Amino acid sequence: MDIEKKTRAYALKNALAHEGKAMQGPVISSLFNEGLKKSDVGKYAKKISEIIMEVNSLSQEEKEKQFKKLEKEVSERQEREGLEELPDSGKGVVMRFRPAPSGPLHIGHIISNMICSLYVKKYGGKFYVIIDDTDPETTLPEAYKDIPKDCNWLFGNVSEYLISSDRIKLYYDYVEKLIKKDSAYVCECSSEDFKKFAEAKKNCPCRKFSVEKNLERWKNMLDKSGFKEGEAVLRFKSDMKHKNPAMRDFPLARINETEHPRQKNKYRVWPLMNLAVAVDDMELKMTHIIRGKDHRDNAERQKMIFEIFKKKFPWTFFIGRMKFTDMILSKRKITEAIKSGEFSGTEDVRLPTIASLRKRGYKPEAFAKLVEQRGLTEVDKVIDSKELFRLLDYFNK
RNA sequence: GCCCCGUUAGUCUAGAGGCCAAGGACACAGCCCUUUCAAGGCUGAAACCCGGGUUCGAAUCCCGGACGGGGCACCA
């Protein structure tokens, strides 16, 4: 590289862009992109400074004339556009969205999950939608048709729909493996008692049982004549002295005999989210996970489970959440309000549900642009519905 | 109480130590175009939370503070 020539070119460019006065910083910075070594800056600093001073003293016409001659020496800064690249995405990506079937899908879900669909479109691979119906108390029967309907419309690239409660046997297999690895135990403490142990960083009495005893106690959880609902819970054996209280022997499964809308009374022991998610992510070979910041600690728990099985944890990003100052975004509250007659149904135009937004004429592409503009960011933002609809209206054109 | 995380214009965002004297989009103001509306074009106003430190040089790295968010469930 001809340092002097390049310096002169960039100094002229910089001067012309800034009322005739070039500065050293930007010029040196440009030279780095041309291959100047950082360690060599000292060597050339004097020369560069001289050239800049000389350039600055030229007349406007002279600057323009000289720059014309050297124009081809300068390269333009390259601009990125579209979605930020994901690491290790060369062979495609496997990603997922796990809606809980406890109420209608709404704008909040779009914001934090559509980006997964977009990345699968970008790189190829698989996009799973997994209906997370492992809580028999909050699972709504209509979700089994509403979720695929909304997701087909919104994403258009769902590879496969899976239902957690159809995979219970798989979760049970993993429970046995975890117990056999002495990484899970059945705990009979009440939640209040356990909380006290966790706060005091002390082991609960159930922690000391042998693997054999725990397998037996696990059978007692599964057996109708064994533990009753609320009497026992399966816990992951992490560390009761973990510095983060959220990580101390968190629960993996519990007994709940409420009739399940899909499985009826087939099961009484239900996995909790962290178990189901970890198992599915291992089994389905998830490569990348993008999810809300509120799941940061859950991801840490799932990672602990991965480590027991010596599996590599997927690349994970925690995306910031959008908070709406004037819209209900709680699935439970939306469901209640519809039941009470406050709203006519999930398609009520006053609701931020996907069904309602579709009815109002918004196209999936508008949401995609909204999500793309936001991109991968950990920042939460507060926005009101007026701002949101301004943006959507703009993107919908 | 204990663990995480974040902070760029009214809003969303670019930004990986020097092409940032901070770019883009929406919204806003003005003008042009148009019979009207919409769309489009041009122009304008508008931001790096605060304080230290490292460095020749900090929006960017480090430390502290303030503010905001999340987690510590037999919910997800």
Side-chain angles (χ1 to χ4, degrees), chain A residues 9-11 13-14 17-19 21-34 36 38 41-42 45 49 74-81 84 98-103 111 132-139 164 187-192 194-195 198-199 201 221 227 229-235 242-248 250-256 269-274 276-277 291-301 318 320-323 331-332 369-384 386-395 397:
Chain A
Y10 280 104
K13 186 194 172 200
N14 190 234
H18 295 286
E19 293 160 359
K21 287 209 165 68
M23 293 208 314
Q24 198 167 23
V27 174
I28 291 176
S29 167
S30 310
L31 294 172
F32 286 132
N33 282 5
E34 295 285 349
L36 177 68
K38 215 157 199 167
V41 173
S49 159
V74 311
S75 56
E76 284 303 314
R77 177 196 222 170
Q78 61 211 29
E79 301 243 340
R80 266 209 319 244
E81 58 177 54
E84 195 175 319
R98 297 186 141 253
S102 55
I111 300 297
D132 225 339
D133 60 343
T134 53
D135 183 2
E137 290 188 27
T138 55
T139 296
S164 279
C187 173
E188 279 185 86
C189 301
S190 66
S191 50
E192 300 81 55
F194 185 82
K195 201 169 184 174
E199 273 168 16
K201 298 186 180 178
M221 278 182 77
F227 290 115
E229 192 174 313
E231 279 183 358
V233 63
L234 184 82
R235 292 190 177 280
H242 197 287
K243 65 173 185 169
N244 183 350
M247 297 303 145
R248 294 173 197 157
F250 54 88
L252 295 172
R254 85 303 201 180
I255 302 167
N256 190 321
V269 175
W270 298 94
L272 264 350
M273 182 187 78
N274 287 308
V277 172
R291 56 156 133 206
K293 265 165 82 179
D294 49 329
H295 284 297
R296 193 178 288 272
D297 285 351
N298 283 323
E300 199 55 43
R301 294 184 182 114
F318 300 98
R321 312 211 306 163
M322 267 210 196
K323 291 186 191 13
K331 278 195 260 196
R332 188 178 49 82
K369 280 179 191 155
L370 181 76
V371 166
E372 206 168 294
Q373 179 189 279
R374 190 163 148 80
L376 280 184
T377 173
E378 286 194 35
V379 185
D380 292 319
K381 279 296 171 187
V382 181
I383 191 172
D384 58 30
K386 200 174 143 201
E387 250 339 301
L388 172 76
F389 287 113
R390 261 187 205 154
L391 271 171
L392 280 180
D393 286 338
Y394 174 74
F395 288 134
K397 275 175 224 154

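Keep in mind that what you see is a predicted model, and the values were worked out from it rather than measured. Proteins come first, then strands; the chains are lettered A, B, ... in the order of their sequence lines, and each starts at number 1.
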In whole Å, measure the gap between the [atom1] atoms of [N] and [M] for me.
N	M	atom1	answer
B:rA9	B:rC5	C1'	24 Å
B:rA59	B:rG65	P	23 Å
B:rC48	B:rC56	P	27 Å
B:rA14	B:rC4	C1'	27 Å
B:rA66	B:rU54	P	23 Å
B:rG6	B:rU60	P	14 Å
B:rA39	B:rC49	P	33 Å
B:rG57	B:rG1	P	40 Å

Choose from [options] the nucleotide whose nearest atom is closest to any side-chain atom of [X].
X	options	result
A:M23	B:rC72, B:rA21, B:rA25	B:rA21
A:P251	B:rA76, B:rA73, B:rC5	B:rA73
A:R390	B:rA76, B:rC26, B:rU7	B:rC26
A:A100	B:rC5, B:rA76, B:rG71	B:rA76
A:V379	B:rA76, B:rC3, B:rU8	B:rU8
A:K195	B:rC5, B:rU13, B:rA73	B:rA73
A:L272	B:rA25, B:rA27, B:rA76	B:rA76

Quick one: side-chain hydrogen bond (donor to acceptor under 3.5 Å, both in side chains) partners of A:R301, sequence neighbours excluded?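 Listed in chain order: A:N298.
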For A:R374, all residues meeting side-chain hydrogen bond (donor to acceptor under 3.5 Å, both in side chains), sequence neighbours excluded: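 With neighbours one apart ignored, the set is empty.
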To the nearest Å, give me how far apart [atom1] ([X]) and [atom2] ([N]) are.
X	N	atom1	atom2	answer
A:D393	B:rA25	CG	C1'	15 Å
A:D297	B:rA76	CG	P	16 Å
A:L391	B:rA27	CG	P	8 Å
A:L392	B:rA25	CG	P	19 Å
A:R321	B:rA76	CZ	P	16 Å
A:L376	B:rA16	CG	P	16 Å
A:E378	B:rG6	CD	P	5 Å

In the structure shown, which nucleotide is the Watson-Crick or G-U wobble counterpart of [N], with both distances under 3.5 Å?
N	answer
B:rC48	none
B:rG68	B:rC5
B:rA22	none
B:rU54	none

Base, sugar-phosphate, or nothing for [X], non-hydrogen atoms under 4.0 angstrom?
X	answer
A:H242	nothing
A:S102	nothing
A:E387	base
A:R301	sugar-phosphate
A:N256	nothing

[X] vs [N]: side-chain N/O to OP1/OP2 distance below 4.0 Å:
X	N	answer
A:Y10	B:rC19	no
A:R235	B:rC74	yes
A:R254	B:rA76	yes
A:R296	B:rG71	no
A:K243	B:rC4	yes

Which atom pair, heavy atoms only, marks the closest approach of [X] to [Y]?
X	Y	result
A:F318	A:R296	CE2-CA, 3.5 Å
A:F250	A:N274	CE1-CB, 4.4 Å
A:Q373	A:F395	OE1-CZ, 3.4 Å

For A:D294, check salt bridge (charged side-chain N to carboxylate O under 4.0 Å, His left out) against everything at least two apart and list the hits.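 Only A:R321 meet the salt bridge (charged side-chain N to carboxylate O under 4.0 Å, His left out) criterion with A:D294.
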Name all residues meeting the salt bridge (charged side-chain N to carboxylate O under 4.0 Å, His left out) criterion together with A:R235; count only those two or more places apart in sequence or in a different chain, and write none if there are none.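 Salt bridge (charged side-chain N to carboxylate O under 4.0 Å, His left out) list for A:R235, sorted by chain: empty.
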Upstream residue (5' side of RNA chain B) when A:R248 and A:P101 are each assigned their closest nucleotide: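 Nearer the 5' end of the strand: A:R248.
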Nearest nucleotide by nearest heavy atom, which residue falls closer to the 5' end of RNA chain B, A:G375 or A:E199?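 Nearest-nucleotide comparison on RNA chain B picks A:E199.
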Run the salt-bridge test on A:E387 and A:R390 with the 4.0 Å N-O cut-off and return the result as yes or no.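 A:R390 and A:E387: salt-bridged.
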Test of understanding: with ring pair (Phe, Tyr, Trp, His ring centres under 6.0 Å), list the residues that count as partners of A:F194, not counting sequence neighbours.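 With sequence neighbours excluded, A:F194 shows a ring pair (Phe, Tyr, Trp, His ring centres under 6.0 Å) to no residue whatsoever.
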B/S/- along nucleotides 59-68 of chain B (protein heavy atoms under 4.0 Å) is ----------
Between A:R254 (side chain only) and A:P271 (backbone N and O only), is there a donor and an acceptor less than 3.5 Å apart?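 Answer holds: yes.
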Considering only heavy atoms and no angle criterion, is a donor-acceptor pair shorter than 3.5 Å present between the side chain of A:Q373 and the base of B:rC12?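 It does, because a donor-acceptor pair links the side chain of A:Q373 to the base of B:rC12 below 3.5 Å.
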Just wondering, do A:M273 and A:R98 contact through their side chains at under 4.5 Å, heavy atoms?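 Not touching, per the 4.5 Å side-chain cut-off.
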